Amino acid sequence: MSVRSSARQMLENQNIATEDHSVAASLVDATVKFGNFTAIDKISLDIDAGDFWTILGPSGCGKSTLLRLVSDLIPAASGSLQVLGKSTEEARLAREFAFVFQDATLLPWRSALSNVELPLEIGRKRGVKIPVGDKTPKELLEMVGLKGRETALPHELSGGMRQRVAIARALVCQPKLLLMDEPFGALDEMTRDRLNLQILDIWRETGTTILFVTHSITEAVFLGQKILMLQAHPGRVKKIVDIELPEPREITVRETPKFNKYCGELRELLEEC
Ligand SMILES: Nc1ncnc2c1ncn2[C@@H]1O[C@H](COP(=O)(O)OP(=O)(O)OP(=O)(O)O)[C@@H](O)[C@H]1O
Ligand SMILES: [Mg+2]
């Protein structure tokens with residue numbers, strides 16, 4: 001046993017929490033209840049740091065609830081949960097993760113650039129030490145293809161552009177974990193395709209872990225290295241499917257027999273849920 005692992009063992013033996021940064025999120029029998037209703041029932045899961053997971057499942061099976069649990073928006077009724085080796089509250093306070101919702105939720109009176117800057121401003125006002133990324137807000141806007149639109153107000157941008165501003169804002173604190181709840185669900189197919197490619201570029205460039213909820217089987221297979229299929233009533237893990245497709249993924253992969261085989265298998269699984 002190496003010095004490091006024996007030290008780690010000693011700490012574990014003493015029951016002192018050790019921060020394991022190779023696992024982005026770890027759930028053991030995590031259960032969420034709303035009153036008497038069990039939304040998520042004993043979910044156990046390890047999400048390795050740097051992985052891209054997509055989450056599929058019928059409406060109401062607990063996909064959003066799972067992301068809200070990981071992001072400390074709601075508590076677990078039982079079971080345990082760690083995000084980057086910390087409690088969800090500690091991870092939230094340390095700005096270890098960021099959330100992108102279906103609706104971009106930008107402040108309408110602020111420009112694209114000052115919307116991206118907002119988390120930094122809030123952090124400064126609250127005296128929170130924020131992990132500032134190596135990219136400035138302006139560079140992040142450029143990374144999501146919005147160079148030249150820094151001063152535009154949200155109502156002057158298209159839905160896809162607003163969503164890209166929201167993604168740049170989510171990246172400004174350099175999150176190690178990016179939680180995305182149907183971020184492209186309201187967009188047309190072409191814009192969605194473009195943003196799918198862009199989010200893969202961002203994932204490769206930043207090395208962040210991504211948990212991405214979608215209703216689209218095609219999107220789930222195209223983006224995910226792993227697909228978490230949830231079943232409903234109560235929300236449980238139906239299956240975890242490894243997706244092995246050539247990297248970096250190109251849009252044309254969707255026309256290959258292997259891609260279609262994954263989609264077919266997942267469609268059958270969804271019908272059983
Ligand atoms: N705050 C809440 N109070 C009571 N029940 C809730 C609450 N939030 C979610 N639920 C219930 O928990 C279950 C899971 O909801 P959740 O929003 O996680 O589903 P989902 O898989 O994201 O669905 P969709 O695909 O429609 O977005 C649903 O039955 C929902 O009605
Ligand atoms: Mg949802």
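All values derive from a computational prediction rather than experimental measurement. Note that ligands are numbered from 1 as they come in the structure, with each ligand's atoms numbered from 1 the same way. Scope of the values below: all heavy atoms of this structure, side chains included, with no hydrogens, waters or symmetry mates.
Looking at atom 26 (O) of ligand 1, its nearest protein heavy atom turns out to be S59 OG, 2.6 Å. When only non-hydrogen protein atoms are considered, atom 23 (O) of ligand 1 lies nearest to G60 N, 2.8 Å. Remark: minimum distance from atom 27 (O) of ligand 1 to any protein heavy atom is reached at E182 OE2, 3.7 Å. Taking atom 31 (O) of ligand 1 as the reference point, the nearest protein heavy-atom neighbour is F37 CE2, 4.9 Å. What sits closest to atom 17 (O) of ligand 1 on the protein, heavy atoms only, is S64 CB, 3.8 Å. Ranking the protein heavy atoms by distance from atom 18 (O) of ligand 1 puts T65 OG1, 2.5 Å first. Looking at atom 1 (N) of ligand 1, its nearest protein heavy atom turns out to be F34 CE2, 3.7 Å.
Between the side chain of R169 and the main chain of N115, no donor-acceptor pair closer than 3.5 Å is present.
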Does the pair K239 and E272 meet the rule for a salt bridge (Lys or Arg N to Asp or Glu O under 4.0 Å), with working shown?
CA-CA 11 Å; K239 195 163 182 188; E272 289 169 15; over 6 Å; no

Could you go through I199 and M180, starting from their C-alpha distance and side-chain angles, then the distance that decides it, and tell me whether this counts as side chain to side chain contact (heavy atoms under 4.5 Å, CB included)?
CA-CA 11 Å; I199 200 70; M180 308 184 88; 3.6 Å; yes

Before you tell me yes or no, could you show the steps for L177 and I47 under side chain to side chain contact (heavy atoms under 4.5 Å, CB included), namely the whole-Å CA-CA distance, both residues' side-chain angles and the distance that decides it to 0.1 Å?
CA-CA 10 Å; L177 176 62; I47 313 267; 5.5 Å; no

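Those atoms of ligand 1 that come under 4.0 Å of a heavy atom in R68, given as number and element, are 8 (N). Atom numbering of ligand 1 starts at 1 in the shown order; those under 4.0 Å from a heavy atom of H215 are 25 (O). Against a heavy-atom cut-off of under 4.0 Å, A39 is close to the following atoms of ligand 1: 12 (O).
Looking at ligand 1, you won't find any N or O of G57 less than 3.5 Å from one of its N or O atoms. Between H233 and ligand 1, no N or O atom pair is found at a separation short of 3.5 Å. Checking only distances, G62 does come within under 3.5 Å of ligand 1, N or O to N or O.
The option from K63, K33, Q102 that lies nearest to atom 21 (O) of ligand 1, judged by heavy atoms, is K63.
Distances under 2.8 Å from the Mg ion (ligand 2) pick out the protein N/O/S atoms S64 OG.
For the ring-ring contact (aromatic ring centres under 6.0 Å, His included) test, no residue two or more places apart in sequence or in another chain qualifies with Y262.
Ring geometry, F52 versus F212: the interplanar angle falls from 30° to 60°, so the pair is classed tilted.
The two residues A76 and L69 make their nearest non-hydrogen contact at N-CD1, 3.6 Å.
Legend: side chain to side chain donor-acceptor pair (under 3.5 Å) pairs involving residues 209-226, not counting sequence neighbours, sorted by first then second residue: E182-H215, R192-E219, N196-E219, T214-E219, K226-D242.
In this structure, E189 places its CD atom where only 12 or fewer heavy-atom neighbours from other residues, nucleotides or ligands lie under 6.0 Å away. No more than 12 heavy atoms of other residues, nucleotides or ligands lie within 6.0 Å of CD in E250, so this atom counts as exposed by the packing criterion.
Salt bridge absent: R92 and E90 never bring a charged side-chain N and a carboxylate O closer than 4.0 Å. Salt bridge present: K261 and E265 bring a charged side-chain N and a carboxylate O closer than 4.0 Å.
Taking Ile, Leu, Val, Met, Phe, Trp and Tyr as members and joining any whose side-chain heavy atoms lie under 4.5 Å apart, directly or through other members, the hydrophobic cluster of I122 also contains L107, W109, L118.
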